[in-house]
There are 2 protein chains.
Amino acid sequence: MRYSKTHKEETRRKLLDSSRALVKKGGFGSTGVDALMSAIGMTAGAFYSHFPSKQALLREVVREEMEHSIALLHPAADASGQQARKTVRMYLDPAHARHPEAGCVLPAMGAELARVDPQVRATIESGLKHMHAAWREVLGDDDAAWSVMAQFVGALVLARTVKSEVARKRILEANRRHIERLLDGVEPELP
Amino acid sequence: MRYSKTHKEETRRKLLDSSRALVKKGGFGSTGVDALMSAIGMTAGAFYSHFPSKQALLREVVREEMEHSIALLHPAADASGQQARKTVRMYLDPAHARHPEAGCVLPAMGAELARVDPQVRATIESGLKHMHAAWREVLGDDDAAWSVMAQFVGALVLARTVKSEVARKRILEANRRHIERLLDGVEPELP
DNA sequence: GTCTATATCTAGATAGAC
DNA sequence: GTCTATCTAGATATAGAC
């Protein structure tokens with residue numbers, strides 16, 4: 001054979017990794033198959049050896065992105081809440097706002113995700129419930145957990161929308177401090 | 001003249017009102033000029049008598065939407081905070097999640113707004129600062145005001161992303177209760 | 001498996017008739 | 001001011017050569 005056994009698998013992997021970044025940066029609808037393929041040094045025709053359609057790629061992108069976001073938003077529950085604080089600082093960092101391609105899929109694709117097919121939205125819902133359970137553990141409060149997740153996503157959307165760097169920083173810092181205050185109020189569990 | 005003096009103005013008004021709803025529902029990029037025009041019973045060619053480009057329409061849509069959203073998110077500051085509670089309940093209502101075309105532009109266009117030209121983003125930033133000042137007044141806390149605004153936007157993005165109606169309701173209700181608790185903690189001002 | 005070439009479609013924008 | 005017709009560019013997807 002002209003290509004090694006693992007060649008297809010490797011190409012698919014490169015395509016997915018590259019595409020995940022591109023669609024988070026530029027949006028799914030406005031990023032063409034040609035752009036996705038030339039980003040890994042190939043031409044559009046080869047795309048269809050890996051996915052039957054652009055939509056099929058999106059499904060896989062969202063699936064992998066949700067796994068990534070769960071890791072990103074998932075605080076390891078420790079008594080002191082230090083892990084949770086680290087997660088908050090990382091998520092609400094201005095660098096995250098400046099680099100959607102490397103960050104969480106939820107604020108990056110937000111409205112577009114609301115229009116994908118129900119199968120994908122079920123995947124997202126399941127991922128969100130995992131994240132919520134983890135924050136519920138840390139905060140000891142069901143409502144507070146959903147509230148923190150909404151703040152994460154909303155703060156990033158707002159921060160990316162404003163023009164000035166100073167406003168971007170203020171929005172992120174305000175939300176970070178507000179969540180940290182919430183964590184301060186959590187009673188440490190007895191050992 | 002074949003058309004009355006106010007005809008152009010009226011058509012432009014209809015086009016803007018209709019387009020604001022359509023782009024919030026379907027996204028700006030994926031809603032074509034043809035769809036925008038046929039929604040008001042006209043053909044694509046006539047579009048360019050009113051706007052030099054689709055981008056120019058977007059600028060005006062965002063400008064008007066921000067005014068609308070300010071009104072939507074702007075709580076009248078009264079001592080009891082009843083107006084603020086009403087705003088919270090309205091914004092985080094499942095009906096708002098189900099009808100982006102009639103709701104706030106921020107969760108509906110989120111990521112797309114992050115990619116519009118700086119002039120428009122300055123308009124958005126200015127609008128957000130107005131909203132923030134109003135919530136700062138109600139809550140008496142700078143950070144809490146940004147936090148509530150982020151929760152509004154984030155909760156709606158998340159609620160629209162999940163598949164099941166029950167998850168949608170839980171996310172919105174959790175955020176509503178959490179914000180109401182924040183309002184409960186506000187010391188009423190002395191008369 | 002990937003490339004080139006291409007079929008097909010849709011989109012933004014323009015020209016000219018009315 | 002609006003319509004029809006059309007230009008041009010870009011998109012998704014397919015066919016056949018290598």
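Letters A, B, ... mirror the listed sequences (proteins, then strands); counts begin at 1. Both backbone and side-chain heavy atoms feed into the values below; hydrogens, waters and symmetry mates do not.
In this structure, B/F152 and B/Y91 have tilted ring planes: the angle between them lies in the 30° to 60° band.
Between B/S53 and C/dG12 there is no side-chain polar atom (N or O) within less than 4.0 angstrom of OP1 or OP2. For the pair A/S49 and C/dT2, the criterion of a side-chain N or O lying under 4.0 Å from OP1 or OP2 is not met.
Each of A/V148, A/D141, A/D142 was evaluated against A/W135; a single residue qualifies, A/V148, per the side-chain contact (heavy atoms from CB on, under 4.5 Å) test.
For A/K54 and A/F28, the positive end sits near the middle of the six-membered ring, less than 6.0 Å away and at most 45° from its axis.
The interatomic distance linking B/M42 (CE) with D/dT2 (C1') rounds to 7 Å, in whole Å. B/F47 has its CZ atom 10 Å from the C1' atom of C/dA13, to the nearest Å. One atom, NZ of B/K54, and another, P of D/dT8, lie 22 Å apart when rounded to the nearest Å. Distance B/D34 CG to D/dG10 P: 20 Å, rounded to the nearest Å. A/F51 has its CZ atom 13 Å from the P atom of D/dA13, to the nearest Å. If you take CG of B/L15 and P of D/dG1, they are 13 Å apart, rounded to a whole angstrom. Here D/dC7 presents its P atom at 17 Å from OH of B/Y48, a figure rounded to the nearest Å. Taking atom NE2 on B/H7 and atom P on D/dT2, their separation rounds to 4 Å, with Å as the unit.
A pairwise comparison of heavy atoms in A/T87 and A/H74 identifies OG1-O, 4.3 Å as the closest pair.
Residue A/G45 is classed as a base contact, given a heavy-atom separation below 4.0 Å to a base.
Counting only heavy atoms from C-beta on, B/H50 has its side chain closest to D/dT2 among D/dT2, C/dT2, D/dT4. Listed nucleotides D/dG1, C/dC3, D/dT12 differ in distance to A/T43; the shortest reach to its side chain belongs to C/dC3.
When each of A/P52 and A/A35 is assigned the nucleotide of DNA chain D with its nearest heavy atom, A/A35 is the one assigned upstream, toward the 5' end.
A 4.5 Å side-chain heavy-atom check between A/E65 and A/K24 finds at least one atom pair inside the cut-off.
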